[in-house]
Amino acid sequence: MHLPFKTSPLFQRKKDIHSLPESEQIRLAKLDHRYFGVLYEKYFDPIYRFIFKRLGGDEAVAGDLAQQTFLKAMANLGKYEDRGLAFSSWLYRIAQNEVNLFFRGEKKTRFVELGERQLAGVIEEAELSANMSQEDQEKLVACINALEPEQTDLIELRFFQALSFKEIADIYNITEANAKMRIYRLLEKINKHWNQIV
Amino acid sequence: MRKFKINKNPKEKEPSAEQVKRYKDFASLSHQYERVTKRSGKRLYQDPKLFILLFLLGLIAFLIFLES
């Protein structure tokens with residue numbers, strides 16, 4: 001049986017869409033949301049992992065927020081413009097907003113566990129005493145918790161999620177130098193606060 | 001609201017491949033997208049019954065206008 005749509009360029013493209021450059025995949029996804037599947041396949045894993053870690057390991061909520069992230073990305077894909085910023089950064093930004101909205105909406109305080117290894121970066125970069133007791137570490141965590149939520153996010157992304165300055169800059173749509181400056185100012189603030197309480 | 005707390009033996013923070021796979025479902029996302037973006041109901045002029053009703057109302061109004 002002859003199926004005319006099978007010869008359409010859109011159908012032909014569906015077969016080899018995986019081999020197309022990302023900009024072309026995005027263009028096709030803007031035309032028809034079903035083509036978004038290729039981008040979803042490519043980025044679901046890193047986005048899910050990012051959200052999972054930010055939530056401190058809550059897999060079900062991470063799954064919901066990851067789907068929500070992609071739903072918003074699909075709905076707003078028309079607004080996405082390639083201005084030299086990676087598509088993944090745009091997705092991370094949506095995911096970051098989704099997680100923040102989730103935390104803001106929580107009535108109870110949600111505790112995210114940190115290991116000593118994750119704190120080590122803050123201790124080193126803020127030039128704090130290397131040999132910290134358990135009590136000192138708790139004080140340091142209290143210092144971090146006392147920061148504004150946006151500031152805590154920066155510390156978290158850099159030291160607990162181990163993102164590079166470039167990745168952080170892309171998420172916030174700022175320059176790498178600006179991201180570096182913001183984080184080092186925060187470390188200075190933590191250092192000052194630390195010296196006041198110890 | 002979110003707060004950090006220190007734990008000597010924190011849970012593994014990397015999800016397993018199984019966990020990731022469990023939540024990866026483009027079919028459901030696509031379905032959700034269609035539901036969210038679908039227009040609610042048909043437009044008036046696309047419904048034959050409503051179209052006839054509107055047409056008759058228009059006709060009556062036109063006849064009344066001619067009579068007066």
Side-chain angles (χ1 to χ4, degrees), chain A residues 33-34 36-41 44-46 48-49 51-57 59-60 62-68 70-71 73-75 99-100 102-119 134 137-142 144-145 149 152-153 155-156 160-161, chain B:
Chain A
H33 77 272
R34 284 168 295 179
F36 190 81
V38 186
L39 299 162
Y40 179 85
E41 284 296 318
F44 185 85
D45 285 29
Y48 179 84
R49 284 174 198 281
I51 296 172
F52 181 92
K53 285 197 268 180
R54 284 213 63 201
L55 292 171
E59 67 164 274
D64 287 346
L65 294 185
Q67 286 291 75
Q68 194 61 22
F70 283 99
L71 186 65
M74 270 171 103
V99 176
N100 287 346
F102 171 77
F103 283 136
R104 245 178 272 157
E106 285 278 271
K107 283 176 187 162
K108 284 183 184 171
T109 302
R110 181 176 273 259
F111 286 97
V112 176
E113 291 182 347
L114 288 177
E116 285 180 0
R117 200 161 41 89
Q118 288 167 295
L119 266 188
Q134 171 83 21
Q137 286 179 353
E138 280 166 12
K139 281 182 191 167
L140 175 60
V141 172
I144 296 169
N145 283 334
T152 318
D153 285 350
I155 294 290
E156 185 199 353
F160 309 155
Q161 298 262 4
Chain B
M1 195 169 172
R2 178 260 327 247
K3 295 269 178 212
F4 293 106
K5 70 174 181 183
I6 190 93
N7 189 334
K8 282 269 179 195
N9 304 302
K11 277 193 292 183
E12 189 52 58
K13 289 285 166 62
E14 280 293 334
S16 65
E18 267 301 303
Q19 281 175 310
V20 179
K21 208 174 159 190
R22 206 175 298 152
Y23 296 97
K24 195 174 182 176
D25 183 358
F26 184 68
S28 119
L29 181 78
S30 188
H31 181 69
Q32 229 179 320
Y33 175 80
E34 278 164 14
R35 221 178 42 210
V36 169
T37 55
K38 206 175 88 178
R39 281 175 186 273
S40 55
K42 277 185 178 176
R43 290 176 207 175
L44 282 182
Y45 60 83
Q46 285 177 333
D47 187 325
K49 283 179 187 169
L50 268 171
F51 180 78
I52 291 170
L53 183 72
L54 286 173
F55 178 75
L56 287 175
L57 283 174
L59 190 67
I60 291 166
F62 180 67
L63 290 173
I64 292 170
F65 172 74
L66 283 183
E67 278 298 307
S68 62

Which value, rounded to the nearest 0.5 Å, describes the distance between R34(A) atom CZ and E34(B) atom CD? 7.5 Å

How far apart are the closest heavy atoms of L29(B) and L71(A), and which atoms are they? CD1-N, 3.6 Å

Gap between atom CD1 of I144(A) and atom NZ of K5(B) - 0.5 Å precision: 15.5 Å

N/O donor-acceptor pair under 3.5 Å between Y48(A) side chain and P15(B) backbone: no

Going by heavy atoms in the side chains, are F36(A) and F26(B) under 4.5 Å from each other? yes

Ring-ring centroid check F160(A) F4(B), cutoff 6.0 Å: yes

If you round to the nearest 0.5 Å, how far is OH of Y23(B) from CG of L65(A)? 11.5 Å

What part of A66(A) gets closer than 4.5 Å to chain B, counting heavy atoms only: side chain, backbone, both or neither? neither

Heavy-atom donor-acceptor pair, Q67(A) side chain to Q32(B) backbone, under 3.5 Å: no

Chain B heavy atoms under 4.5 Å from A60(A): which part of the residue, side chain, backbone, both or neither? both

Lys/Arg-Asp/Glu bridge criterion (N-O < 4.0 Å) met for R2(B), E106(A): no

I need the E138(A) CD to I6(B) CD1 distance, nearest 0.5 Å. 7.5 Å

Please report the interatomic distance CG(N145(A)) to NZ(K3(B)), rounded to the nearest 0.5 Å. 5.0 Å

Between K53(A), R49(A), Q68(A), which shows the greatest number of heavy-atom pairs under 4.5 Å with chain B? R49(A)

Tell me which of these, F70(A), Y40(A), F102(A), has more heavy-atom pairs under 4.5 Å with chain B than the rest. Y40(A)

Is the number of heavy atoms from other residues, nucleotides or ligands under 6.0 Å of F55(B) CZ greater than 12? no

Give the minimum heavy-atom separation between S30(B) and H33(A), together with the two atoms involved. OG-NE2, 3.2 Å

Sort L119(A) into side chain, backbone, both or neither according to what part of it lies under 4.5 angstrom from a heavy atom of chain B. side chain

Which atom of E14(B) lies closest to which atom of F52(A), heavy atoms considered: C-CE2, 3.9 Å

Assess whether atom CD of E18(B) is packed by more than 12 heavy atoms of other residues, nucleotides or ligands within 6.0 Å. no

Highest number of heavy-atom pairs under 4.5 Å with chain B among E59(A), R110(A), K108(A) belongs to E59(A)

